[in-house]
Asker: 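What follows is a structure written as structure tokens; I'll ask about it next.
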Amino acid sequence: AMLALGVYITFRLLDFADLTCEGSFAMGACISAVMTVTYHMNPFVSLIFGFLGGAIAGTVTGFLNTKLKIPPILAGILSMISLYSINLRIMSDKANLPINVREEGVESMVTFIPILISAVTDPAASGLVDSNEAPGANITGTSDLTPVASQIEMIQKLVPDAKTVGVFYTSSETNSKLQADMAIEAGEKLGYTMETYTVSQSSEIQQVVESMVGKIDALYIPTDNLLASNMPTVSMVANQAKIPTICGESGMVENGGLITNGINYFDLGVLTGKQAAEILEGADPATMPFEYCPEDSYTYTVNEDTAA
């Protein structure tokens, strides 16, 4: 839209189809962003510098056309292409700060750029860092580790006569396996017989849940990407069979699970944002331990429709 507007205005007023705005508009934004974030300049003042940067780009196009006799459209294209590289250079004047909410893809990121991970349960177990206390790499962040033991303890009140508890997770998800092991350990300490159920793809979910019917008294599902996105399928079978489902996080409860006592992802995002501010002010991610939501921030979530 900006390209069309820029070309229309220059063509109508100057009889010059100028394509420079495709790059100069982005250049102004890059300059303004760097001035504001890196040099803490007033945002309104930074817009002036952005405007001047765009004006310079337009001047270069004019020079190419009037002095070097390059046709207008070609001059605009040359400036537009050149500005792509220039804009990248302007933005690289400070470190970008990617925030990743899943472990997938982190290893492929450029390691000289600080990386913040959010909502990865155990980065060390996933092989992303040396340890959660001292990452030792250009990576740090927050963990969405839930109070697994406390969640298992809820079964005592929800199903006082329960003897067998199922633990359901995706076998290929490292973080889910970690929480499943924690749940099994916590359940065995409470005297439950713990049965493990796993899937590797979404097409297996319904069949596996159906195989639980009549064999377990309650079901626990940790934070699990595949199962979270397929909770309606899980709850359809489990709720019909009157199997109470204790979940690792609130989103799964909202999609059909029964209850959870877990972290608040908004609070987790705030915690991650504070770390980002520290890094932008010069803190070294390699020495920043991964942080966890405090226990007093845990919240209960109950699906009243499921409980009815």
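All values reported here derive from a predicted model rather than from experimental measurement.
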Asker: Distance from T146 atom OG1 to Q179 atom CD, nearest 0.5 Å?
Answerer: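 Nearest 0.5 Å value for the OG1-CD distance: 4.5 Å.
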Asker: What about L190 and I155, same hydrophobic cluster or not, with Ile/Leu/Val/Met/Phe/Trp/Tyr joined at side-chain heavy-atom distances under 4.5 Å?
Answerer: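 In one cluster with L190: I155, yes.
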Asker: Got L271 and Y292 here, is their nearest side-chain heavy-atom distance under 4.5 Å?
Answerer: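 SC-SC contact between L271 and Y292 ruled out.
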Asker: Donor-acceptor check, side chain of S24 to backbone of T20, threshold 3.5 angstrom: yes or no?
Answerer: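 Looks like yes, one N/O pair under 3.5 Å.
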Asker: D267 side chain to I263 main-chain N or O, any donor-acceptor pair under 3.5 Å?
Answerer: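 No; judged by distance alone, with no hydrogens or angles, the pair does not exist.
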Asker: If hydrophobic clusters are built by linking Ile, Leu, Val, Met, Phe, Trp and Tyr wherever their side-chain heavy atoms come under 4.5 Å apart, do L64 and L83 end up in the same one?
Answerer: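 No, separate clusters.
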Asker: Verify, without hydrogens or angle tests, whether S131 (side chain) and A134 (backbone) share a donor-acceptor contact under 3.5 angstrom.
Answerer: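 Yes, because the side chain of S131 sits within donor-acceptor range (under 3.5 Å) of the backbone of A134.
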Asker: Hydrogens and angles aside, do S200 and E204 bring a side-chain donor and acceptor to less than 3.5 Å of each other?
Answerer: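 Yes.
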Asker: Between the main-chain N or O of L226 and the side-chain N or O of S229, is there a donor-acceptor pair closer than 3.5 Å?
Answerer: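 Present.
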Asker: Testing the 3.5 Å rule here: is there a donor-acceptor pair between the side chains of S171 and T198?
Answerer: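 No, no side-chain donor-acceptor contact under 3.5 Å.
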Asker: Going hydrophobic residue to hydrophobic residue with side-chain gaps under 4.5 angstrom, can you get from L145 over to V129?
Answerer: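 They do not share one cluster, since no chain of ILVMFWY contacts under 4.5 Å joins L145 to V129.
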Asker: Between the side chain of K242 and the main-chain N/O of N239, is any donor-acceptor distance below 3.5 Å?
Answerer: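 Between the backbone of N239 and the side chain of K242 there is no qualifying donor-acceptor contact (under 3.5 Å).
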Asker: Under a 4.5 Å cut-off applied to non-hydrogen side-chain atoms, are N261 and M154 in contact?
Answerer: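 Result yes, sub-4.5 Å side-chain heavy-atom pair found.
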Asker: Mark yes or no for whether T140, through its side chain, and M288, through its backbone, hold a donor-acceptor pair below 3.5 Å.
Answerer: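 Yes; judged by distance alone, with no hydrogens or angles, the pair exists.
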Asker: Minimum heavy-atom separation for A241 and V213, please, with both atom names.
Answerer: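 In this case the closest contact between A241 and V213 is CB-CG2, 3.7 Å.
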Asker: Can you tell which of V234, V237, V199 makes a side chain to side chain contact (heavy atoms under 4.5 Å, CB included) with V208?
Answerer: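 Among the candidates, only V199 passes.
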Asker: On a heavy-atom basis, which atom in P285 and which in I279 lie closest, and how many Å separate them?
Answerer: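 That would be CG-CD1, 4.0 Å.
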Asker: Could you check whether any side-chain heavy atom of Y192 comes within less than 4.5 Å of a side-chain heavy atom of Q156, counting everything from C-beta outward?
Answerer: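 Yes, side chains in contact.
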Asker: Please, which pairs that meet salt bridge (Lys or Arg N to Asp or Glu O under 4.0 Å) have at least one residue in residues 183-193, sequence neighbours excluded?
Answerer: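 Found E185-K189.
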Asker: Which residue pairs pass the salt bridge (Lys or Arg N to Asp or Glu O under 4.0 Å) test with at least one member in residues 146-166, sequence neighbours excluded?
Answerer: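 Those involving residues 146-166 do not exist here.
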Asker: With a 6.0 Å cut-off (strictly less than), is the heavy-atom count around CD of E210, excluding the residue itself, greater than 12?
Answerer: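 More than 12 heavy atoms, drawn from other residues, nucleotides or ligands, come within 6.0 Å of this atom.
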Asker: Please check if the side chain of D224 supplies one atom and the backbone of S176 the other of a donor-acceptor pair under 3.5 Å.
Answerer: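 The answer is no, because no donor-acceptor pair under 3.5 Å joins these two groups.
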Asker: Working to the nearest 0.5 angstrom, can you tell me the gap between I56 CD1 and T61 OG1?
Answerer: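 One finds 12.0 Å between CD1 of I56 and OG1 of T61.
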Asker: With side-chain contact (heavy atoms from CB on, under 4.5 Å) as the test, would you mind laying out the steps for Y197 and I216 before giving the verdict?
Answerer: CA-CA 11 Å; Y197 298 88; I216 62 174; 3.8 Å; yes
Asker: Does Y265 have more than 12 heavy atoms from other residues, nucleotides or ligands lying within 6.0 Å of its OH?
Answerer: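 Yes, the 6.0 Å shell around OH holds more than 12 heavy atoms from other groups.
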Asker: Evaluate the criterion side-chain contact (heavy atoms from CB on, under 4.5 Å) for residue pair N138 and I115; output intermediate values, then yes/no.
Answerer: CA-CA 6 Å; N138 216 9; I115 298 173; over 6 Å; no
Asker: What closest approach, in Å, do T245 and A238 show between heavy atoms, and which atom pair accounts for it?
Answerer: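 So the minimum-distance heavy-atom pair works out to OG1-CB, 3.7 Å.
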Asker: Spell out, as yes or no, whether a donor-acceptor pair under 3.5 Å connects the side chain of T306 to the backbone of G256.
Answerer: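 Indeed, once roles are kept as given, a pair shorter than 3.5 Å links the two residues.
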Asker: My understanding is that only residues two or more places apart in sequence, or in another chain, count here; which of them pass side chain to side chain donor-acceptor pair (under 3.5 Å) with D181?
Answerer: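 K177.
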Asker: Any side-chain heavy atom of I221 within less than 4.5 Å of one from M231?
Answerer: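 The answer is yes; the side chains approach within 4.5 Å.
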Asker: Ignoring hydrogens, what is the shortest heavy-atom contact between A228 and E249? Give both atom names and the distance.
Answerer: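 Scanning both residues completely, I find the closest heavy atoms to be CB-OE2, 4.2 Å.
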Asker: Would you say S143's side chain and T121's backbone share a donor-acceptor pair under 3.5 angstrom?
Answerer: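 Yes, the answer is positive, given that a donor and an acceptor are paired below the 3.5 Å cut-off.
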Asker: Does the side chain of N175 come under 3.5 Å of the side chain of D122 through a donor N or O and an acceptor N or O?
Answerer: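 Their side chains do not contain a donor-acceptor pair, so the 3.5 Å distance test is not met.
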Asker: Hydrogens and angles aside, do S118 and T142 bring a side-chain donor and acceptor to less than 3.5 Å of each other?
Answerer: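 Their side chains do contain a donor-acceptor pair, which is all the 3.5 Å distance test asks for.
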Asker: Do you reckon F63 sits in the same ILVMFWY cluster as L78, going by side-chain contacts under 4.5 Å, direct or chained?
Answerer: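 Result: yes, single cluster for both.
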Asker: Check whether any side-chain N or O of S79 sits under 3.5 Å from a backbone N or O of G76 as a donor-acceptor pair, and report yes or no.
Answerer: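 Answer holds: no.
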Asker: Measuring only between side-chain heavy atoms, which start at C-beta, is N65 closer than 4.5 Å to I70?
Answerer: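 A side-chain contact is absent here, since even the closest heavy-atom pair is not under 4.5 Å.
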Asker: Is Q206 close to M236 at the side-chain level, that is, under 4.5 Å between some pair of heavy atoms?
Answerer: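 Yes; the side chains approach each other to less than 4.5 Å.
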Asker: Any idea which heavy atoms bring T174 and A125 closest together, and the distance?
Answerer: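 Distance-wise, the nearest heavy atoms are CG2-O, 3.9 Å.
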Asker: Evaluate the side-chain hydrogen bond (donor to acceptor under 3.5 Å, both in side chains) criterion for residues T36 and S46: first the C-alpha distance (whole Å), next the side-chain angles of each, then the deciding distance (0.1 Å), finally the verdict.
Answerer: CA-CA 6 Å; T36 301; S46 72; 3.0 Å; yes
Asker: Please test T196 against M194 for side-chain contact (heavy atoms from CB on, under 4.5 Å), starting from the C-alpha separation and ending with a verdict.
Answerer: CA-CA 7 Å; T196 301; M194 306 298 290; 5.9 Å; no
Asker: Would you mind reporting whether N303 and I259 have side-chain heavy atoms less than 4.5 Å apart?
Answerer: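 Result no, sub-4.5 Å side-chain heavy-atom pair not found.
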Asker: Apply side-chain hydrogen bond (donor to acceptor under 3.5 Å, both in side chains) to the pair Y220 and Q151, showing each step before the final yes or no.
Answerer: CA-CA 8 Å; Y220 176 73; Q151 292 171 347; 2.6 Å; yes
Asker: Assigning hydrophobic clusters by single linkage (Ile, Leu, Val, Met, Phe, Trp, Tyr; side-chain heavy-atom cutoff under 4.5 Å), is I152 placed with L258?
Answerer: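 Yes, same cluster.
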Asker: If you round to the nearest 0.5 Å, how far is OG1 of T223 from CD of E173?
Answerer: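 So the gap between those two atoms works out to 8.5 Å.
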Asker: List the atom of G141, the atom of L116, and the distance in Å for their closest heavy-atom pair.
Answerer: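 In terms of heavy atoms, the two residues are closest at CA-CD2, 3.7 Å.
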Asker: Calculate, to the nearest 0.5 Å, the distance between atoms CD1 and CG belonging to I246 and L158 respectively.
Answerer: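 Going from the CD1 atom of I246 to the CG atom of L158 covers 5.5 Å.
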Asker: Taking the side chain as every heavy atom from C-beta outward, state whether F49 and S32 have any atom pair closer than 4.5 Å.
Answerer: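 The answer is no; the side chains never approach within 4.5 Å.
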Asker: If I take atom CE from residue M27 and atom CG from residue L52, how far apart are they, to the nearest 0.5 angstrom?
Answerer: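 If I round to the nearest 0.5 Å, the distance is 10.0 Å.
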Asker: Roughly how far, to the nearest 0.5 Å, is CG of L219 from CZ of F168?
Answerer: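 CG of L219 is found 7.5 Å from CZ of F168.
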Asker: With side-chain contact (heavy atoms from CB on, under 4.5 Å) as the test, would you mind laying out the steps for V253 and V302 before giving the verdict?
Answerer: CA-CA 7 Å; V253 173; V302 179; 5.6 Å; no
